[in-house]
Amino acid sequence: MGEVIGFVSLKGGVGKTTLAAAIASELANQHRKKVLLVDANYSAPNLGLHMDIIAPAVSVHDVLNGKRLSSAVHEKFGVDVVPGNFLFSRQFSPMKLRSKLSRARNVYDYIILDASPSLSDEVFSSLLASDRLFIVTTPDYPSLSCCMKTARIAKQRGKEISGIIVNRVIDRKFQVGLEEIQESTGIPVIAMIGEDKNVHRALIERMPVNLTRRNSSFSREIKKIGNTLAGKKERRSVLREVFFKNYSKDEVNRELLRQSFYQSIFKK
Ligand SMILES: Nc1ncnc2c1ncn2[C@@H]1O[C@H](COP(=O)(O)OP(=O)(O)O)[C@@H](O)[C@H]1O
Ligand SMILES: [Mg+2]
(Lines give C-alpha, C1' and ligand atoms only; values in the text may rest on other atoms or scores of the structure.)
(Ligands and ions follow the chains in the order given, each with its own letter.)
Protein backbone atom coordinates (compact mmCIF):
# COMPACT_ATOMS: atom_id res chain seq x y z
CA MET A 1 0.00 0.00 0.00
CA GLY A 2 1.34 3.38 -0.97
CA GLU A 3 1.85 6.14 1.55
CA VAL A 4 0.24 9.52 0.90
CA ILE A 5 2.58 12.30 1.98
CA GLY A 6 1.43 15.90 2.08
CA PHE A 7 3.72 18.93 2.05
CA VAL A 8 1.77 21.63 3.83
CA SER A 9 2.09 25.15 5.18
CA LEU A 10 -0.32 28.02 5.52
CA LYS A 11 2.36 30.29 4.09
CA GLY A 12 3.19 30.69 0.42
CA GLY A 13 6.72 30.97 -0.92
CA VAL A 14 8.33 28.66 1.63
CA GLY A 15 9.11 25.88 -0.87
CA LYS A 16 6.27 23.34 -0.70
CA THR A 17 6.06 22.93 -4.47
CA THR A 18 9.82 22.93 -4.95
CA LEU A 19 10.26 20.25 -2.28
CA ALA A 20 7.32 18.12 -3.42
CA ALA A 21 8.74 18.03 -6.97
CA ALA A 22 12.30 17.39 -5.77
CA ILE A 23 11.42 14.62 -3.30
CA ALA A 24 9.06 12.91 -5.74
CA SER A 25 11.72 12.86 -8.45
CA GLU A 26 14.38 11.75 -5.95
CA LEU A 27 12.30 8.75 -4.82
CA ALA A 28 11.52 7.82 -8.42
CA ASN A 29 15.00 8.20 -9.89
CA GLN A 30 17.39 7.37 -7.06
CA HIS A 31 15.28 4.77 -5.27
CA ARG A 32 13.32 3.35 -8.22
CA LYS A 33 10.01 3.89 -6.43
CA LYS A 34 6.70 4.32 -8.18
CA VAL A 35 5.63 7.87 -7.38
CA LEU A 36 2.51 9.88 -8.05
CA LEU A 37 2.83 13.65 -7.58
CA VAL A 38 -0.39 15.65 -7.32
CA ASP A 39 -0.93 19.41 -7.51
CA ALA A 40 -3.36 20.02 -4.64
CA ASN A 41 -2.95 23.79 -4.77
CA TYR A 42 -6.12 24.13 -6.80
CA SER A 43 -6.53 27.90 -6.93
CA ALA A 44 -2.87 28.65 -7.75
CA PRO A 45 -1.49 25.47 -9.29
CA ASN A 46 2.12 25.79 -10.34
CA LEU A 47 3.60 22.33 -9.89
CA GLY A 48 3.57 21.97 -13.69
CA LEU A 49 6.12 24.79 -13.97
CA HIS A 50 8.58 22.71 -11.93
CA MET A 51 7.85 19.51 -13.88
CA ASP A 52 7.68 20.90 -17.41
CA ILE A 53 3.94 20.49 -17.86
CA ILE A 54 2.31 23.60 -19.28
CA ALA A 55 -1.43 23.86 -20.00
CA PRO A 56 -2.35 20.20 -19.45
CA ALA A 57 -5.43 18.99 -21.34
CA VAL A 58 -6.66 17.03 -18.30
CA SER A 59 -5.87 18.24 -14.80
CA VAL A 60 -6.52 17.53 -11.13
CA HIS A 61 -9.56 19.82 -11.43
CA ASP A 62 -11.12 17.47 -13.98
CA VAL A 63 -10.38 14.52 -11.69
CA LEU A 64 -12.15 16.23 -8.78
CA ASN A 65 -14.96 16.95 -11.18
CA GLY A 66 -15.47 13.28 -12.05
CA LYS A 67 -12.76 12.20 -14.53
CA ARG A 68 -10.59 9.17 -13.81
CA LEU A 69 -7.31 9.88 -12.05
CA SER A 70 -5.36 7.97 -14.71
CA SER A 71 -6.64 10.32 -17.44
CA ALA A 72 -4.79 13.24 -15.80
CA VAL A 73 -1.46 11.47 -15.28
CA HIS A 74 1.50 13.00 -17.16
CA GLU A 75 4.74 11.01 -16.98
CA LYS A 76 7.67 13.37 -16.37
CA PHE A 77 11.20 12.62 -15.20
CA GLY A 78 10.16 9.17 -14.01
CA VAL A 79 7.27 10.56 -11.95
CA ASP A 80 3.53 10.28 -12.68
CA VAL A 81 2.31 13.85 -12.28
CA VAL A 82 -1.28 15.06 -11.93
CA PRO A 83 -0.95 18.78 -12.62
CA GLY A 84 -3.41 21.58 -12.04
CA ASN A 85 -4.71 23.93 -14.67
CA PHE A 86 -4.60 27.68 -14.08
CA LEU A 87 -7.43 28.26 -16.51
CA PHE A 88 -9.87 25.94 -14.82
CA SER A 89 -13.21 27.63 -14.35
CA ARG A 90 -15.80 24.91 -13.68
CA GLN A 91 -16.87 23.86 -10.19
CA PHE A 92 -14.95 21.05 -8.53
CA SER A 93 -14.98 19.42 -5.13
CA PRO A 94 -11.59 19.51 -3.36
CA MET A 95 -12.82 17.14 -0.66
CA LYS A 96 -12.97 14.31 -3.19
CA LEU A 97 -9.19 13.99 -3.32
CA ARG A 98 -8.96 11.24 -0.72
CA SER A 99 -11.46 8.95 -2.44
CA LYS A 100 -9.90 9.68 -5.85
CA LEU A 101 -6.55 8.45 -4.52
CA SER A 102 -7.83 5.29 -2.88
CA ARG A 103 -7.16 2.98 -5.85
CA ALA A 104 -3.85 4.66 -6.64
CA ARG A 105 -2.57 3.51 -3.25
CA ASN A 106 -2.40 -0.02 -4.63
CA VAL A 107 -0.32 1.09 -7.61
CA TYR A 108 2.16 3.60 -6.17
CA ASP A 109 4.76 3.37 -3.41
CA TYR A 110 4.38 7.07 -2.62
CA ILE A 111 1.73 9.64 -3.45
CA ILE A 112 3.01 13.15 -2.86
CA LEU A 113 0.68 16.10 -2.47
CA ASP A 114 1.71 19.69 -3.04
CA ALA A 115 -0.80 21.47 -0.78
CA SER A 116 -2.38 24.88 -0.95
CA PRO A 117 -1.51 27.58 1.62
CA SER A 118 -5.08 28.87 1.78
CA LEU A 119 -7.01 28.02 4.93
CA SER A 120 -10.04 26.61 3.14
CA ASP A 121 -11.34 23.33 1.71
CA GLU A 122 -8.18 23.33 -0.40
CA VAL A 123 -5.82 22.66 2.47
CA PHE A 124 -8.29 20.35 4.23
CA SER A 125 -8.41 18.28 1.08
CA SER A 126 -4.67 17.56 1.49
CA LEU A 127 -4.87 17.13 5.26
CA LEU A 128 -7.62 14.53 4.92
CA ALA A 129 -6.01 12.67 2.02
CA SER A 130 -2.55 12.37 3.64
CA ASP A 131 -1.21 9.58 5.84
CA ARG A 132 1.76 11.70 6.77
CA LEU A 133 2.34 15.41 6.71
CA PHE A 134 5.44 17.53 6.58
CA ILE A 135 5.34 21.24 7.26
CA VAL A 136 7.64 23.36 5.17
CA THR A 137 8.76 26.64 6.67
CA THR A 138 11.37 29.33 6.29
CA PRO A 139 13.44 30.38 9.33
CA ASP A 140 11.60 33.60 10.23
CA TYR A 141 8.91 34.52 12.74
CA PRO A 142 6.03 35.10 10.27
CA SER A 143 6.63 31.61 8.86
CA LEU A 144 7.05 30.12 12.31
CA SER A 145 3.68 31.49 13.40
CA CYS A 146 2.06 29.98 10.26
CA CYS A 147 3.88 26.76 11.04
CA MET A 148 2.38 26.64 14.53
CA LYS A 149 -1.07 27.33 13.15
CA THR A 150 -0.71 24.60 10.51
CA ALA A 151 0.34 22.11 13.19
CA ARG A 152 -2.62 23.10 15.39
CA ILE A 153 -5.14 22.73 12.59
CA ALA A 154 -3.75 19.33 11.58
CA LYS A 155 -3.78 18.14 15.18
CA GLN A 156 -7.39 19.24 15.67
CA ARG A 157 -8.23 16.92 12.76
CA GLY A 158 -6.33 14.05 14.32
CA LYS A 159 -3.38 14.35 11.94
CA GLU A 160 0.13 14.14 13.28
CA ILE A 161 2.90 16.09 11.63
CA SER A 162 5.86 13.80 10.94
CA GLY A 163 8.40 16.58 10.70
CA ILE A 164 9.27 20.13 9.75
CA ILE A 165 11.53 20.99 6.86
CA VAL A 166 13.19 24.38 7.25
CA ASN A 167 13.95 25.78 3.82
CA ARG A 168 15.74 28.83 2.40
CA VAL A 169 18.14 29.23 5.32
CA ILE A 170 20.48 32.12 4.57
CA ASP A 171 22.27 33.02 7.77
CA ARG A 172 21.68 31.00 10.92
CA LYS A 173 22.93 33.95 13.04
CA PHE A 174 19.99 36.19 12.12
CA GLN A 175 17.29 33.62 11.59
CA VAL A 176 15.12 31.44 13.77
CA GLY A 177 17.06 28.33 14.75
CA LEU A 178 16.19 24.67 14.74
CA GLU A 179 15.77 24.52 18.52
CA GLU A 180 13.35 27.42 18.71
CA ILE A 181 11.25 25.93 15.89
CA GLN A 182 11.17 22.56 17.60
CA GLU A 183 10.38 24.02 20.99
CA SER A 184 7.55 26.24 19.82
CA THR A 185 5.89 23.56 17.69
CA GLY A 186 6.78 20.35 19.52
CA ILE A 187 7.61 18.82 16.13
CA PRO A 188 11.05 17.52 15.07
CA VAL A 189 12.94 19.42 12.39
CA ILE A 190 14.16 16.84 9.88
CA ALA A 191 16.13 19.09 7.53
CA MET A 192 17.65 22.54 7.26
CA ILE A 193 17.97 23.49 3.59
CA GLY A 194 19.93 26.53 2.53
CA GLU A 195 18.98 29.16 -0.02
CA ASP A 196 20.51 27.87 -3.23
CA LYS A 197 20.53 29.77 -6.51
CA ASN A 198 20.49 26.48 -8.39
CA VAL A 199 16.84 26.17 -7.37
CA HIS A 200 15.99 29.31 -9.37
CA ARG A 201 18.01 28.01 -12.30
CA ALA A 202 16.10 24.72 -12.18
CA LEU A 203 12.79 26.55 -12.28
CA ILE A 204 13.82 28.23 -15.52
CA GLU A 205 14.82 24.82 -16.90
CA ARG A 206 11.53 23.37 -15.57
CA MET A 207 13.28 20.38 -14.05
CA PRO A 208 13.92 19.51 -10.38
CA VAL A 209 17.43 20.63 -9.43
CA ASN A 210 18.32 17.30 -7.80
CA LEU A 211 18.09 15.62 -11.22
CA THR A 212 20.66 17.86 -12.83
CA ARG A 213 22.95 19.27 -10.13
CA ARG A 214 23.49 16.44 -7.68
CA ASN A 215 26.23 18.28 -5.83
CA SER A 216 24.34 21.48 -5.11
CA SER A 217 23.62 22.13 -1.43
CA PHE A 218 19.87 21.79 -2.09
CA SER A 219 20.30 18.40 -3.79
CA ARG A 220 22.46 17.09 -0.95
CA GLU A 221 19.66 17.79 1.53
CA ILE A 222 17.05 16.27 -0.80
CA LYS A 223 19.22 13.17 -0.99
CA LYS A 224 19.10 12.86 2.82
CA ILE A 225 15.31 13.27 2.92
CA GLY A 226 14.94 10.80 0.04
CA ASN A 227 17.00 8.20 1.91
CA THR A 228 14.92 8.72 5.04
CA LEU A 229 11.61 8.27 3.24
CA ALA A 230 12.94 5.27 1.33
CA GLY A 231 14.02 3.67 4.62
CA LYS A 232 17.75 3.81 3.83
CA LYS A 233 20.32 4.63 6.45
CA GLU A 234 22.26 7.83 5.89
CA ARG A 235 25.88 7.23 5.06
CA ARG A 236 28.38 9.54 6.72
CA SER A 237 31.54 10.50 4.90
CA VAL A 238 34.89 9.56 6.47
CA LEU A 239 35.65 13.26 6.97
CA ARG A 240 32.42 13.75 8.85
CA GLU A 241 33.06 10.66 10.93
CA VAL A 242 36.50 12.00 11.93
CA PHE A 243 35.73 15.69 12.48
CA PHE A 244 32.05 15.72 13.51
CA LYS A 245 31.61 12.71 15.71
CA ASN A 246 28.39 14.09 17.19
CA TYR A 247 25.25 13.76 15.15
CA SER A 248 23.39 16.99 14.40
CA LYS A 249 19.81 17.30 15.70
CA ASP A 250 18.24 17.08 12.25
CA GLU A 251 20.36 14.00 11.51
CA VAL A 252 19.04 12.31 14.66
CA ASN A 253 15.46 13.30 13.78
CA ARG A 254 15.84 11.84 10.30
CA GLU A 255 17.07 8.56 11.72
CA LEU A 256 14.07 8.40 14.08
CA LEU A 257 11.75 9.21 11.19
CA ARG A 258 13.42 6.59 9.00
CA GLN A 259 12.80 3.98 11.65
CA SER A 260 9.15 4.96 12.00
CA PHE A 261 8.73 4.88 8.21
CA TYR A 262 10.39 1.51 8.16
CA GLN A 263 7.94 0.21 10.74
CA SER A 264 4.85 1.60 9.08
CA ILE A 265 5.57 1.32 5.34
CA PHE A 266 8.06 -1.42 4.75
CA LYS A 267 6.50 -3.88 7.14
CA LYS A 268 3.02 -3.44 5.65
N1 LIG B 1 16.17 26.33 -1.10
C2 LIG B 1 15.83 27.26 -1.97
N3 LIG B 1 16.76 28.10 -2.48
C4 LIG B 1 16.42 29.08 -3.33
N5 LIG B 1 15.17 29.29 -3.80
C6 LIG B 1 14.20 28.49 -3.34
C7 LIG B 1 14.46 27.43 -2.42
N8 LIG B 1 13.28 26.79 -2.16
C9 LIG B 1 12.34 27.43 -2.89
N10 LIG B 1 12.89 28.45 -3.60
C11 LIG B 1 12.19 29.39 -4.49
O12 LIG B 1 11.19 30.04 -3.71
C13 LIG B 1 10.05 30.33 -4.50
C14 LIG B 1 8.83 29.77 -3.81
O15 LIG B 1 8.92 28.35 -3.78
P16 LIG B 1 7.63 27.43 -3.91
O17 LIG B 1 8.10 26.04 -3.93
O18 LIG B 1 6.78 27.89 -5.05
O19 LIG B 1 6.90 27.75 -2.53
P20 LIG B 1 5.41 27.40 -2.05
O21 LIG B 1 4.95 26.21 -2.84
O22 LIG B 1 5.51 27.13 -0.60
O23 LIG B 1 4.58 28.63 -2.34
C24 LIG B 1 10.32 29.73 -5.88
O25 LIG B 1 10.74 30.77 -6.72
C26 LIG B 1 11.44 28.73 -5.64
O27 LIG B 1 12.25 28.60 -6.78
MG1 LIG C 1 3.25 26.02 -4.08
Side-chain angles (χ1 to χ4, degrees), residues 5-26 37-54 59-61 79 81-86 88 94 97 112-120 122-123 125-127 130 133-140 142-147 149-151 154 161 163-172 175-176 178 181 189-226 250:
I5 301 175
F7 288 92
V8 294
S9 148
L10 291 175
K11 191 152 193 320
V14 292
K16 292 179 291 301
T17 308
T18 307
L19 286 170
I23 292 167
S25 56
E26 184 77 9
L37 173 63
V38 181
D39 196 337
N41 185 356
Y42 313 116
S43 51
N46 51 30
L47 182 64
L49 295 176
H50 293 251
M51 299 297 285
D52 200 21
I53 305 168
I54 310 298
S59 69
V60 69
H61 302 85
V79 179
V81 187
V82 176
N85 188 342
F86 253 109
F88 198 85
L97 183 66
I112 296 193
L113 307 181
D114 172 26
S116 158
S118 79
L119 184 51
S120 63
E122 291 207 20
V123 75
S125 140
S126 291
L127 289 183
S130 300
L133 294 162
F134 291 97
I135 297 182
V136 183
T137 186
T138 47
D140 49 77
S143 279
L144 179 57
S145 89
C146 286
C147 187
K149 188 163 183 184
T150 313
I161 306 285
I164 294 175
I165 299 173
V166 184
N167 187 29
R168 312 196 70 170
V169 180
I170 295 173
D171 188 334
R172 292 188 189 209
Q175 294 183 302
V176 188
L178 178 148
I181 295 172
V189 169
I190 61 148
M192 300 284 286
I193 305 179
E195 178 81 13
D196 182 343
K197 64 178 185 314
N198 288 301
V199 177
H200 297 286
R201 200 183 284 176
L203 195 51
I204 294 170
E205 296 167 354
R206 295 204 204 111
M207 195 171 176
V209 63
N210 49 306
L211 298 185
T212 51
R213 294 179 179 84
R214 293 292 298 159
N215 273 328
S216 62
S217 68
F218 181 85
S219 301
R220 287 200 300 272
E221 293 305 315
I222 294 299
K223 192 171 166 185
K224 293 176 192 168
I225 301 172
D250 54 320

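Predicted, not measured: the structure shown is a model, and the values here were computed from it. Both ligands and their constituent atoms are indexed starting at 1 by order of listing.
The shell of residues lying under 4.0 angstrom from ligand 1, judged by heavy atoms, excludes S9. Not a single heavy atom of A21 sits less than 4.0 Å from an atom of ligand 1.
Nearest heavy atoms, S126 versus A40: OG-CB, 3.3 Å. The minimum heavy-atom distance linking I135 with A151 is given by the pair CD1-N, 3.8 Å.
Contact check for V169 versus E195: no side-chain heavy atoms found under the 4.5 Å cut-off. Side chains of F134 and I112 form no contact here, defined as non-hydrogen atoms less than 4.5 Å apart. The side-chain heavy atoms of I204 and R206, taken from C-beta on, include no pair separated by under 4.5 Å.
Neither the backbone nor the side chain of K197 has a heavy atom within less than 4.0 Å of ligand 1. Contacts with ligand 1 closer than 4.0 Å are made by heavy atoms of both the backbone and the side chain of T18.
The closest side-chain donor-acceptor pair between D196 and N198 falls under 3.5 angstrom. In this model, no donor atom of one side chain and acceptor atom of the other lie less than 3.5 Å apart for T138 and N167.
When the heavy-atom distances from atom 12 (O) of ligand 1 to E195, R168, E221, K16 are ranked, the shortest goes to R168. The residue among N41, V199, L19 with a heavy atom at the shortest distance from atom 2 (C) of ligand 1 is V199. Heavy-atom proximity to atom 4 (C) of ligand 1, evaluated over L47, D196, I222, is greatest for D196.
Of the protein's heavy atoms, G13 N, 2.7 Å lies nearest to atom 23 (O) of ligand 1. Nearest to atom 8 (N) of ligand 1 among the protein's heavy atoms is N167 ND2, 2.9 Å. In this structure, the protein non-hydrogen atom closest to atom 5 (N) of ligand 1 is H200 NE2, 3.2 Å.
Looking only at distances, no side-chain donor or acceptor of S143 sits under 3.5 Å from a matching main-chain atom of D140. Formation of a donor-acceptor pair under 3.5 Å by the S25 side chain with backbone atoms of A21 is found in this model.
Atoms of ligand 1 lying under 4.0 Å from at least one heavy atom of G12, given by number and element, are 23 (O). Of all the atoms in ligand 1, the ones that sit under 4.0 Å from a non-hydrogen atom of F218 are 1 (N). Atoms of ligand 1 found under 4.0 Å from any heavy atom of L203 (numbered from 1 in listed order, with element): 25 (O), 27 (O). For ligand 1, the atoms lying closer than 4.0 Å to a non-hydrogen atom of V14 are 19 (O), 20 (P), 22 (O). Taking every heavy atom of G15 and a limit of under 4.0 angstrom, the matching atoms of ligand 1 come to 15 (O), 16 (P), 17 (O), 19 (O), 20 (P), 22 (O). Ligand 1 places these atoms under 4.0 Å from at least one heavy atom of T17: 17 (O), 21 (O).
Among the atoms of N41, no N, O or S atom is found under 2.8 Å from the Mg ion (ligand 2).
Note on E26 versus K224: no salt bridge recorded, every NZ/NE/NH1/NH2 to OD/OE distance being 4.0 Å or above.
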For this session: Would you please test F7 and I23 for side chain to side chain contact (heavy atoms under 4.5 Å, CB included) and show each step?
Result: CA-CA 10 Å; F7 288 92; I23 292 167; 3.6 Å; yes
